[in-house]
Amino acid sequence: MQAVQHVIEQQVLRAAQEVEAQIDSELHRLENLDDDDIERLRQRRIDELKKLQQKRQEWALKGHGEYREVEEKEFFKEMKGEERMVCHFYRSSLPCQVIDKHLAILAARHMETKFVRVHAEKAPFLTERLKVWMLPTLAIIKNEKTTDYVVGLDELGGVEDFSTEVLAARLAAAGAIFEDALPASRQAAAETQQRTLRQGGQPRRTESDEDSDFD
């Protein structure tokens with residue numbers, strides 16, 4: 001047992017030394033930058049910020065930054081040319097209202113993604129085309145193709161009082177939004193995963209599911 005503990009301690013020590021060496025190397029590099037190097041870094045950062053600002057303006061013109069309702073006939077026009085889009089198929093119910101609240105917050109935070117909602121009962125073609133069988137359902141669309149779904153609330157902890165960070169972590173994992181490198185998001189994702197596992201895992205799409213209609 002002591003031998004195993006010694007090995008673990010040595011591994012931890014080596015990892016700490018490697019991190020320390022990397023930090024020392026980066027500090028040394030920064031300390032030895034001359035004026036030209038600093039100016040190049042400054043200009044690069046300015047160029048990056050300009051590109052980001054231009055992107056944000058383009059996104060805003062396409063309806064990013066707000067959470068909007070679209071009709072079935074508008075859906076494909078809204079989707080055209082989008083790198084990332086999240087569509088909430090909803091009806092008048094408390095779970096859908098909870099999703100609405102969080103998506104409105106995320107739409108304002110994540111300009112890189114378009115957030116829309118569609119009333120499922122008024123969009124029979126879309127619900128059939130995208131195989132939406134339970135509400136709420138979030139369709140995650142990347143480059144005009146549906147790549148993932150969040151069906152119901154099970155993946156979000158199975159409760160209605162989940163945090164916005166939980167939904168953000170799920171969408172980030174699907175590549176629907178840029179990941180916020182925040183400990184809170186990672187912790188929320190870990191807690192949700194544990195709750196989901198305790199409740200028996202993720203929901204499955206089956207034609208015989210009793211909750212597969214909209215009434």
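Everything quoted here is computed from the prediction, not taken from an experiment. The figures that follow rest on heavy atoms only: side chains count, while hydrogens, waters and symmetry mates do not.
Considering CE of M111 and CD of E58, their distance stands at 10.5 Å, rounded to 0.5 Å. Summarising the geometry, atom CZ belonging to F162 is positioned 4.5 Å from atom CG belonging to L156; distances are rounded to the nearest 0.5 Å. Atom CZ of R91 is separated from atom OG1 of T137 by 10.5 Å, given to the nearest 0.5 angstrom. We find the OG1-CZ distance between T113 and F178 to be 7.0 Å, quoted to the nearest 0.5 Å. Taking CZ of F115 as the reference point, atom NE2 of H102 lies at 12.5 Å (rounded to 0.5 Å). In this structure, CG in D154 is found 7.0 Å from CE in M134, a value given to the nearest 0.5 Å.
Sorted by first and then second residue, the ring pair (Phe, Tyr, Trp, His ring centres under 6.0 Å) pairs with a member in residues 69-88 read H88-Y90; sequence neighbours excluded.
Looking at E144, its side chain does come within 3.5 Å of a backbone N or O of G81 through a donor-acceptor pair.
Within the 4.5 Å cutoff, the side chain of L153 has no heavy atoms near those of the V159 side chain. Residues R170 and E155 form a side-chain contact, since some pair of their non-hydrogen atoms from C-beta on lies under 4.5 Å apart. Residues R109 and T164 have side chains in contact (heavy-atom distance under 4.5 Å, counting atoms from C-beta outward). A heavy-atom distance below 4.5 Å is not found between the side chains of K114 and V86.
Shown here is K122, whose NZ atom has no more than 12 heavy atoms of other residues, nucleotides or ligands within 6.0 Å.
Judged as a salt bridge (charged side-chain N to carboxylate O under 4.0 Å, His left out), and not counting sequence neighbours, the contacts of K73 are E71. With sequence neighbours excluded, the residues that form a salt bridge (charged side-chain N to carboxylate O under 4.0 Å, His left out) with E83 are K55. Looking at residues two or more places apart in sequence or on another chain, you find no side chain to side chain contact (heavy atoms under 4.5 Å, CB included) involving K101. With sequence neighbours excluded, the residues that form a side chain to side chain donor-acceptor pair (under 3.5 Å) with R68 are E78. The side chain to side chain donor-acceptor pair (under 3.5 Å) check on R117 picks up E69, D100, with sequence neighbours excluded. Every residue meeting the side chain to side chain contact (heavy atoms under 4.5 Å, CB included) condition with Q97, not counting sequence neighbours, appears here in chain and number order: L94. Residues that satisfy the side chain to side chain donor-acceptor pair (under 3.5 Å) test with T146, not counting sequence neighbours, are absent from this structure. T147 meets the side chain to side chain contact (heavy atoms under 4.5 Å, CB included) test with I140, K142; sequence neighbours excluded. Applying the side chain to side chain contact (heavy atoms under 4.5 Å, CB included) rule to Q57 yields the partners Q53; only residues at least two apart in sequence or on another chain are considered. A search for side chain to side chain donor-acceptor pair (under 3.5 Å) contacts involving H64 returns E82, not counting sequence neighbours.
Using a 4.0 Å cut-off between charged nitrogen and carboxylate oxygen, E112 and R84 do not count as a salt-bridge pair.
Closest approach of D148 to A174, counting heavy atoms only: OD2-CB, 3.6 Å. Of all heavy-atom pairs spanning P136 and I99, the tightest one is CG-CG1, 3.9 Å. Shown here for T127 and A120, the closest heavy-atom pair between the two residues is CG2-O, 3.6 Å. Minimum heavy-atom separation, G63 to E66: O-CG, 3.6 Å.
Hydrophobic clustering, with ILVMFWY side chains joined whenever heavy atoms are under 4.5 angstrom apart, keeps I105 apart from L138. Hydrophobic cluster membership is shared by V98 and L171, with clusters built from Ile, Leu, Val, Met, Phe, Trp and Tyr side chains linked at under 4.5 angstrom. Under a hydrophobic clustering in which Ile, Leu, Val, Met, Phe, Trp and Tyr are joined whenever their side-chain heavy atoms come within less than 4.5 Å, directly or via other members, L61 and Y67 fall into different clusters.
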